[in-house]
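Here the structure is laid out as structure tokens; the discussion comes afterwards.
Below, read A as the first sequence line, B as the second, and so on, with proteins coming before strands; counting in each chain starts at 1.
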Amino acid sequence: MPGDSNSLINRLGVRDYILVIAEKPRAAQKIAEALYPYKRFRINGVPIYVARWGGSVYVIAPAAGHLFTLDTEDEGYPTFNFKWVPRYIVDRDARFTKKFLDALKLLAKHAQGFVNACDYDIEGSLIGFMIIKYFGDIRKAKRAKFSSLTPQEVRKAFSNLNELDLNMVEAGYCRHILDWLWGINISRMLMDFYERVFMKRIVLSAGRVQSPTLAHAVDIILSRRWHVPVPYATIDIFIDLDGNLVKLDYVGEPLTSLSDVKNYIEKIKRAPYAVVESIKKEYKIVESPHPFNLPDLQSEAYRIYKISPYTTQHIAEDLYLEALISYPRTNSQKLPSTLNNQEVLEALAKNPKYSELVKKLFTETKGFFKPNNGPADDPAHPAIYPTGEAPRTRLKPLHEKIYDLIVRRYLATFAKPLRLLELKVTLNVHGLQYSLSGVKILDPGWLKYYPFYSVSENTNLVDYDIREGMKLQIKNYKVRTKYTKPEPPPSRISLLKWMESVNIGTEATRAEIIEVLFRRGYLKSRSRSVDVTDLGLLIVFLLKKFAEDLLSVELTRRFEEKLKLIIYGKARCNDIIEEAKKVLVIYINNALRESHRLSEEVFKVIQPQNQDIGVSHKKCKVCGRVTESGDLCIFHKVAYENIVKSYERWKAFGYSWSTYLQKLVKLRSTGQYVREVAEMLLKEKV
DNA sequence: GCAAGGTC
């Protein structure tokens, strides 16, 4: 029996040992290797190492992230009744954590002391602490402190073990509880509201990370639905260069009225010349790309193949489990200095797909492999790199694509820079600026290995003899009327980048949290971009009314401040939790007090189907939603105001009010609510 | 069932 105490002592070969808890198997292995393990075995598949260091025997065993989680038996809300339970009991997807928990429990029973050697952050401090608290003795526990898992750092940490970092533990503990209290209670409130109005129970959710992300998507999508396109004109100009008709790029301010266009054309007709104002010849050096971290990999997989960040992450994890690449949940853009790149490259060369490229790289670098490491760092893991291991079976098409990206990025980071010759000519045509640019690749450098950028070469211009002050004859011109476009719609990747930029969520959770918004039915896919559903709009509207804190990234900032105070010993978790409870009680009571007019509020956002919303409410004449005032709902009211505001600009292009409205109905860039209002206004006239 | 955070 592998789990039996007697057989355990036999296998360990010692009675006096200190249990070292690592955050995950790979970390346990690294820690063990640094301490020269003399024995290794498995308990139910969980790898265990035994090492002697500084006169002590250490038994090193891994957790698998958090083995405990918060849970409650209460069904209503508000609930402040939580307890810590082993994850595998409450989460079907966490059943794999049981064997880790069992192994640690068994080892803890006989241990003389404990070392928490999880990642040095609040989560790692909590992961190790919970195991020692439940199965061991925190009075006999120490903390190993290292910022990377290099042998030197690990040895230093073990020669100099710290006291248990109880403040860090308390901060981690507090983070869990705050997220839980806010998330569970406000989610339940939303579900309750929904059920009261629609007589149907569905799963709804809100949280510190998901809700601001939803609100951000809604902001963009509403601004698109409220977009009124406005006309402007540019003039295409064609000149003759050595018998080739060349179009100049318009770089000046656009023309905003019909009379400006007419005057300008007159000038061109009178004197059809473009004057060369300046010529800038530039040698440009583009350094090789940085090694991949997870956000960069997700971003490139989306840019090149339109693979979603969530899918990319899962594929990268598969590749990691197949030992084809290093640990992918990393923010680092630096390859480990200890990595033997020559060995990896030689192994990669065995794959016929890369043998030629690797050979080229060896020649170019003369066997000296220096990566172009980037600025981003990660205390726990280096950048993503291929291990050189050959795939055991043929990779699935998407896996192949991600693997190929990682291999090529790895090759490219050692390669020479891309060298370009850029020529930029600025021309003046009657006071307006135009430009002409030419590009010539002098040396493709890393682009040979990572060919996912297109440099459109335009060598004609580079070779053409062009001088300042030259007058070039205009052969042709063309007026182009354009219309302003709304900002681009959000995509999974743009949401992910936004979360990164405002620093909410983590490498490991962001893509997943975006998927939650889809699973709840708040967001939906529309070709390659993201659209919001009426339900998504409703959630944002309700949160804004009843729990506004949850819509802003400020809540995360506030949490961070408070956790920092705990770490410095200047605040206590309990006080912070009590404070959070008070806010939640106020929010929930306030919401319950107003709940009798809930359906009225809900139908300001959602179009009523057959529901009874009472006779006293005024309905939007475009869509039937309940209005706040006047005869338009909150959505169509803004659209109407925007239409009125933009009319001046259209008048300058000779449009009457009704031709303006007709054009708005026709144009593709017109926002949805704007089009609906324009249609209504046209109908009213008839 | 509800969060966000670890990790297989």
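- More than 12 heavy-atom neighbours from other residues, nucleotides or ligands sit within 6.0 angstrom of CZ on A:Arg196.
- When heavy atoms are screened at a 4.0 angstrom cut-off, A:Gly124 is found touching no nucleic acid atom at all.
- Rounded to whole angstrom, the span from the CD1 atom of A:Ile325 across to the P atom of B:dC8 amounts to 13 Å.
- A straight line from CZ of A:Phe559 to C1' of B:dA3 spans 10 Å, rounded to a whole angstrom.
- Across all strands, A:Arg520 comes closer than 4.0 Å only to sugar-phosphate atoms, never to a base (heavy-atom distances).
- Spacing between atom CD of A:Glu507 and atom C1' of B:dA4 amounts to 14 Å, rounded to whole angstrom units.
- The side chain of A:Lys24 sits closest to B:dC8 out of B:dC8, B:dA3, B:dG1.
- Ranking B:dG5, B:dC2, B:dT7 by closeness to the A:Tyr327 side chain, first place goes to B:dT7.
- Of the residues in residues 168-183 of chain A, those with a non-hydrogen atom less than 4.0 angstrom from any atom of DNA chain B are A:Arg175, A:His176, A:Asp179, A:Trp180, A:Gly183.
- Of the candidates B:dA3, B:dG1, B:dC8, the closest approach to any side-chain atom of A:Ser187 belongs to B:dA3.
- Within 4.0 Å (heavy atoms only), A:Ala94 reaches no atom of the nucleic acid at all.
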Show me the donor-acceptor pairs, under 3.5 Å and distance only, between side chains in residues 125-136 of chain A and residues at least two apart or in other chains.
unit_1, atom_1, unit_2, atom_2, d
A:Ser125, OG, A:Asp121, O, 3.1
A:Ser125, OG, A:Arg143, NH2, 3.1
A:Ser125, OG, A:Asp165, OD2, 2.6

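- Counting non-hydrogen atoms under 4.0 angstrom, A:Glu23 reaches the backbone sugars and phosphates but no base.
- Base engagement by A:Thr509 is indicated by at least one non-hydrogen atom pair under 4.0 Å involving a base atom.
- Counting any heavy atom pair closer than 4.0 Å across all strands shown, A:Gln210 reaches sugar-phosphate atoms only and no base atom.
- In this structure, A:Ile127 atom CD1 and B:dC8 atom P are separated by 11 Å, rounded to whole Å.
- Across all strands shown, A:Arg208 has heavy atoms under 4.0 Å from sugar-phosphate atoms exclusively, and none from any base.
- No contact: A:Ile186 has no heavy atom under 4.0 Å from any strand.
- Residue whose closest nucleotide on DNA chain B sits further toward the 5' end, between A:Gly76 and A:Asp93: A:Gly76.
- The CG-P distance, from A:Leu584 to B:dC2, rounds to 19 Å in whole Å.
- Using a 4.0 Å cut-off between charged side-chain N and carboxylate O, A:Arg492 and A:Glu515 make a salt bridge.
- No more than 12 heavy atoms of other residues, nucleotides or ligands sit less than 6.0 Å from atom CZ of A:Arg92.
- The aromatic rings of A:Tyr410 and A:Tyr385 are tilted relative to each other, their planes meeting at an angle between 30° and 60°.
- Comment: A:Lys200 does not engage A:Glu195 in a salt bridge, judged by the lack of any side-chain N to carboxylate O separation of less than 4.0 angstrom.
- Ion pairing of A:Arg394 with A:Glu400 is absent here, as no side-chain N (NZ or NE/NH1/NH2) approaches a carboxylate O to less than 4.0 Å.
- Rounded to whole Å, atom P of B:dT7 lies 11 Å from atom CD of A:Gln313.
- In this structure, CD1 of A:Ile21 is placed 16 Å from P of B:dT7, rounded to the nearest angstrom.
- Nearer to the 5' terminus of DNA chain B, by closest-nucleotide assignment, is the contact made by A:Leu70 (compared with the other of A:Leu70 and A:Tyr320).
- One finds no side-chain N or O of A:Tyr77 lying less than 4.0 angstrom from the OP1 or OP2 phosphate oxygen of B:dG1.
- Look at A:Lys156 and A:Glu153 and you find no salt bridge, because none of the NZ, NE, NH1 or NH2 atoms lies under 4.0 Å from a carboxylate O.
- For A:Ile539 and B:dA3, the CD1 to P distance is 12 Å, given to the nearest whole Å.
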